[in-house]
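Below: one structure, written as structure tokens.
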Amino acid sequence: MKCDAVVEKIKARVAGIDAKGPRKVLGVFQLNIEAADGAHELVVDLKNLKVTDGKVSDADVVINLKDEDFIAIGTKAITVHEAVEQGKVKITGDEALFQALVDAL
């Protein structure tokens with residue numbers, strides 16, 4: 001998957017969060033990334049500070065996007081707001097929590 005470098009950045013950032021310190025975002029995010037080699041699923045659990053491959057049924061927010069759009073967001077070539085406005089990112093679930101995640105980025 002082309003966006004592996006962005007996924008590694010996410011993993012490093014989550015690993016660097018102080019579990020005992022105050023946190024702005026507490027939620028479970030399901031990322032569904034459509035790539036040339038198929039669909040990839042990633043769980044970003046900010047409650048337990050884990051990032052894993054796979055799928056959860058109880059995600060607070062589900063985010064669907066294409067590999068190239070994920071890369072563009074991860075490298076800051078486009079903002080999340082722009083990607084959502086352009087229909088490149090589709091979310092379901094807690095929109096306020098998604099907004100908190102975007103603001104924390």
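Side chains are part of it too, since the values below use all heavy atoms of this structure and drop only hydrogens, waters and symmetry mates. What you are looking at is a predicted structure, and each value in this text was computed from that prediction instead of being measured.
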Non-hydrogen atoms of Gly74 and Val6 that approach each other most closely: CA-CG1, 3.9 Å
With Asp58 via side-chain hydrogen bond (donor to acceptor under 3.5 Å, both in side chains) - residues at least two apart: none
Flag side-chain contact, heavy atom, 4.5 Å: Asp60 against Phe29: no
Chi angles and distances behind the side-chain contact (heavy atoms from CB on, under 4.5 Å) call for Leu42, Asp53: CA-CA 4 Å; Leu42 185 70; Asp53 291 328; 3.6 Å; yes
Over 12 non-hydrogen atoms of neighbours within 6.0 angstrom of NZ in Lys66: no
Pairwise side-chain contact, Leu46 with Leu26, heavy-atom cut-off 4.5 Å (strictly under): no
Shared hydrophobic cluster, Val61 / Leu101 (ILVMFWY, side-chain heavy atoms < 4.5 Å): yes
Worked check of side-chain contact (heavy atoms from CB on, under 4.5 Å) between Ile10 and Val44: CA-CA 8 Å; Ile10 292 170; Val44 179; 4.1 Å; yes
Min side-chain heavy-atom separation Asn64-Glu34 under 4.5 Å: no
Worked check of salt bridge (Lys or Arg N to Asp or Glu O under 4.0 Å) between Arg23 and Asp18: CA-CA 8 Å; Arg23 292 188 267 161; Asp18 180 3; over 6 Å; no
Run the side-chain donor-acceptor check on residues 89-99: report pairs under 3.5 Å with partners two or more places apart or on a different chain.
| residue | atom | partner | partner atom | Å |
| --- | --- | --- | --- | --- |
| Lys90 | NZ | Gly87 | O | 3.0 |
| Asp94 | OD1 | Ala96 | N | 3.0 |
| Asp94 | OD1 | Leu97 | N | 2.9 |
| Gln99 | NE2 | Asp103 | OD1 | 2.8 |

Side-chain donor or acceptor of Glu82 paired with backbone N/O of Thr79 under 3.5 Å: yes
Minimum-distance pair of heavy atoms, taken over all atoms of Ala59 and Gln30: CB-CB, 3.7 Å
Other ILVMFWY residues reachable from Val56 by side-chain steps of under 4.5 Å: Val28, Val43
Between SG on residue Cys3 and NE2 on residue His40, distance to nearest 0.5 Å: 7.0 Å
Joint cluster assignment, Val84 & Ile71, ILVMFWY side-chain distance < 4.5 Å: no
Exam field: side chain Arg13 to backbone Glu8, donor-acceptor pair closer than 3.5 Å: no
Shared hydrophobic cluster for Leu65 and Val62 (ILVMFWY, side-chain gaps under 4.5 Å): no
Contact summary for Ala83 and Ile78, nearest pair of heavy atoms: N-CD1, 3.9 Å
